[in-house]
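The block underneath contains the structure these notes are about, expressed in structure tokens.
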Number of protein chains: 4
Amino acid sequence: MLEGTQLRADAQRNRARILDAAEAVFAEFGTRASTEEVARRAGVAIGTVFRHFPTKDDLLAAIMKRLLAQLVEEAGKRDLFAFFTHMVAQAAAKKTVVDLLAGSGVDIRLPDAVSHLEEAVGSLLEQAQAAGAVADSVRLPEVMALLVSVCQGALHGGWDEQLQAHTLAVIFAGLKRD
Amino acid sequence: MLEGTQLRADAQRNRARILDAAEAVFAEFGTRASTEEVARRAGVAIGTVFRHFPTKDDLLAAIMKRLLAQLVEEAGKRDLFAFFTHMVAQAAAKKTVVDLLAGSGVDIRLPDAVSHLEEAVGSLLEQAQAAGAVADSVRLPEVMALLVSVCQGALHGGWDEQLQAHTLAVIFAGLKRD
Amino acid sequence: MLEGTQLRADAQRNRARILDAAEAVFAEFGTRASTEEVARRAGVAIGTVFRHFPTKDDLLAAIMKRLLAQLVEEAGKRDLFAFFTHMVAQAAAKKTVVDLLAGSGVDIRLPDAVSHLEEAVGSLLEQAQAAGAVADSVRLPEVMALLVSVCQGALHGGWDEQLQAHTLAVIFAGLKRD
Amino acid sequence: MLEGTQLRADAQRNRARILDAAEAVFAEFGTRASTEEVARRAGVAIGTVFRHFPTKDDLLAAIMKRLLAQLVEEAGKRDLFAFFTHMVAQAAAKKTVVDLLAGSGVDIRLPDAVSHLEEAVGSLLEQAQAAGAVADSVRLPEVMALLVSVCQGALHGGWDEQLQAHTLAVIFAGLKRD
DNA sequence: TATGAATGAGGATTCATTCAT
DNA sequence: AATGAATGAATCCTCATTCAT
């Protein structure tokens, strides 16, 4: 039993290292980066990666899930505008989520994790509307759409701080009254 | 000379068929789709694709250039808001441009074609501001950023007509006064 | 008839241009250079090259034949030692012959042209032996073998003038008495 | 650790089989032979060849290095004349080295391995000169040049034993006094 | 469970050769 | 006879995935 527990702990540690490595590698090189590169960065053998994540898509889904959970957590600490700003600022660091949220290429479905994020953003939206900071006519779907859009834009466009501020200013103004 | 023209016409037709096929294939499967698939769809042998476009990137650049030219032309027929709406509506059809405009993955530089589009959008912005339809504080860079962002969002998010309308409504409101 | 003659003259001119181009191209890039490159250098279309020389090997054989004929002619103007020196000095310029004489890669048989060269060298050998400049025990096959060997060496080794002189000095000494 | 060694042993065996196959294939068909053919002959999948030798040039370089090492070893067991004779006799078997030593086509640099061979031949030359078997005026560069030349000649010319003997006789005579 | 070697399908690209004009 | 576009087999190389150890 001790040995089993030991192994399980090792396995858990490996799983985490692989996820960390994958997040870094895919953020740096995109999802086209090879699984070997992830293994290399994680310091494990390629077989270990595939033991934990039977396919590359499984690995991507796992990253996605973890990142979404982080986002949900971060959403809890901010108001809608701050969360928007935060996500855009983090876009590059979270490249993989943004890409996958956006649906590009790989076919990954994480309805639960995504709906958690939607719920979190939904709460922020309600709060903002209750406070009169966002027009009542604004609905969650378009907020999500704007969030994802602007993250993608920021991510791929390589915006500087000023451009980011000006772009968000337009969106924020639009949210306040439309 | 007639004969020469004839031959050239055949080649032109093939070039166009390849571009059409590539546009469709890359729109459907992303830029990772194989050149073989493009050849298959165009009904030509793989060598023919490479005769016209020596590398896959050349093919992508050619699609891009053609689509950008179309966009510039279409920009000439609309006001800023209509052009925004039009681009978003066309996003899926123009997937490849949007992706490449966004800079994802492949390394393609078309400064001229892109700056033509920027100029066209710049004109629309000036007109809109002259007409008082857009706040004077809004500058071209953020308009481009919003345009690309929202196209990407629409493209990858698979928005329906309503979502598209609502999302644009927020942006348009933001452009009017911020 | 005039027209036929005209055409034939054109064709002859093209044939010569192709041979010249091929000689230059293959000398510069080796026999792996593409037939298109030859056509380009000759200023004709690829089809014209294949009309004159149905396969690439035919083209190589033709070059070979022409170069061998030149060598035979040059042999007539020199004694054995001078011819040796001349061939070695020309090795780079005649890369293709040397390569093909040596049999590398492509499968080309030109028994006639080669035997003409052998005959010419045979004459030089006889003269040299008659003059007492070469030992009587030396036979033609080894002279040819040495000639080809040393040309290949010079060609691929990129010998400078000094190395060339020293290397030939050893061979010449060996020919004088063995 | 035992298990690790075992696996490594398997890989080593495959590496050796690939090198053997490559040596045979390139000797038979020249360096233009395909990597697939090497894989076939080695009885491994193509990916295995590329896992061991990331590019075809790496494979050629590896063969080269191994053959040069063998030659250096063999040089240690003979005098200059015997080594010359041995190399020429082995030329066909060592086709690839000879070709690559000669610099034909592929761009491979093995300065170390080549200079080891030069050193070995240099030693043989010194011994031969000390014993009065070779004229003092002869220097290493021309000996190397002659060696490579005559190997190429033998290799590509398909010399029989007699021709080989006669040709070497001329060179040996030239080395003795010039 | 971890390792990492092996697999082999797939992808970009080249080039000798054919053929419609 | 010349043109040059089209063909498609062949080549090098990559990478997700499997499996023996």
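Every chain is numbered from 1, with letters handed out A, B, ... down the list of sequences. Just so it is clear, the model here is predicted, and its values are computed rather than measured.
Separation of atoms CG (D:Asn14) and CZ (D:Arg51) is listed at 11.0 Å; rounding is to 0.5 Å. A distance of 11.0 Å separates SG of C:Cys151 from CD of D:Gln152, quoted to the nearest 0.5 Å.
Nucleotide F:dA1 holds its C1' atom 16 Å from the CD1 atom of C:Ile46, rounded to whole Å. Distance A:Ile18 CD1 to E:dA2 C1': 10 Å, rounded to the nearest Å. Atom-to-atom, CD of B:Gln12 to P of E:dT21 comes out at 16 Å; the value is rounded to the nearest Å. One can place CZ of C:Arg17 at 12 Å from C1' of F:dA2, the figure rounded to the nearest angstrom. Atom pair D:Lys56:NZ and E:dT14:P shows a separation of 16 Å (rounding to whole Å applied). Residue D:Phe50 contributes atom CZ, which lies 13 Å from atom C1' of E:dG8 at whole-angstrom precision. What separates CZ of A:Arg40 from P of E:dG4 is a distance of 12 Å, to the nearest Å. Taking atom CZ on D:Phe53 and atom C1' on F:dC12, their separation rounds to 16 Å, with Å as the unit.
Using a 4.0 Å cut-off between charged side-chain N and carboxylate O, A:Asp58 and A:Lys65 make no salt bridge. Comment: B:Glu28 engages B:Arg41 in a salt bridge, judged by a side-chain N to carboxylate O separation of less than 4.0 angstrom.
A close approach under 4.0 Å does occur between a side-chain nitrogen or oxygen of A:Asn14 and OP1 or OP2 of E:dA2. For E:dT1, neither phosphate oxygen OP1 nor OP2 lies less than 4.0 angstrom from any side-chain nitrogen or oxygen of A:His52. For D:Ser34 and F:dA10, the shortest distance from a side-chain N or O to OP1 or OP2 is not below 4.0 Å. Within the structure, every side-chain polar atom (N or O) of D:Arg51 is placed at least 4.0 Å from both OP1 and OP2 of E:dA6.
The 5' end of DNA chain F is approached more closely, in terms of each residue's nearest nucleotide, by C:Ala45 than by the other of D:Pro54 and C:Ala45. Ranked by how close their nearest DNA chain F nucleotide is to the 5' end, D:Ala33 and B:Gly43 are led by B:Gly43. Taking the nucleotide of DNA chain E with the nearest heavy atom to each of D:Val49 and B:Thr55, the more 5' of the two is matched to D:Val49.
Across all strands shown, E:dA6 is found opposite F:dT17 as a Watson-Crick or G-U wobble partner, with both distances under 3.5 Å. Nucleotide F:dA1 forms no Watson-Crick or G-U wobble pair with any nucleotide shown, as no partner meets the under 3.5 Å limit on both distances.
Of the listed residues (B:Thr35, B:Thr48, B:Leu59, B:Val38), just one forms a side chain to side chain contact (heavy atoms under 4.5 Å, CB included) with B:Phe53, and that residue is B:Leu59.
Contact annotation for B:Thr48: base contact, defined as any heavy-atom pair under 4.0 Å involving a base atom.
Distance from the side chain of D:Glu36 is smallest to F:dC13 among E:dT17, F:dC13, F:dT3.
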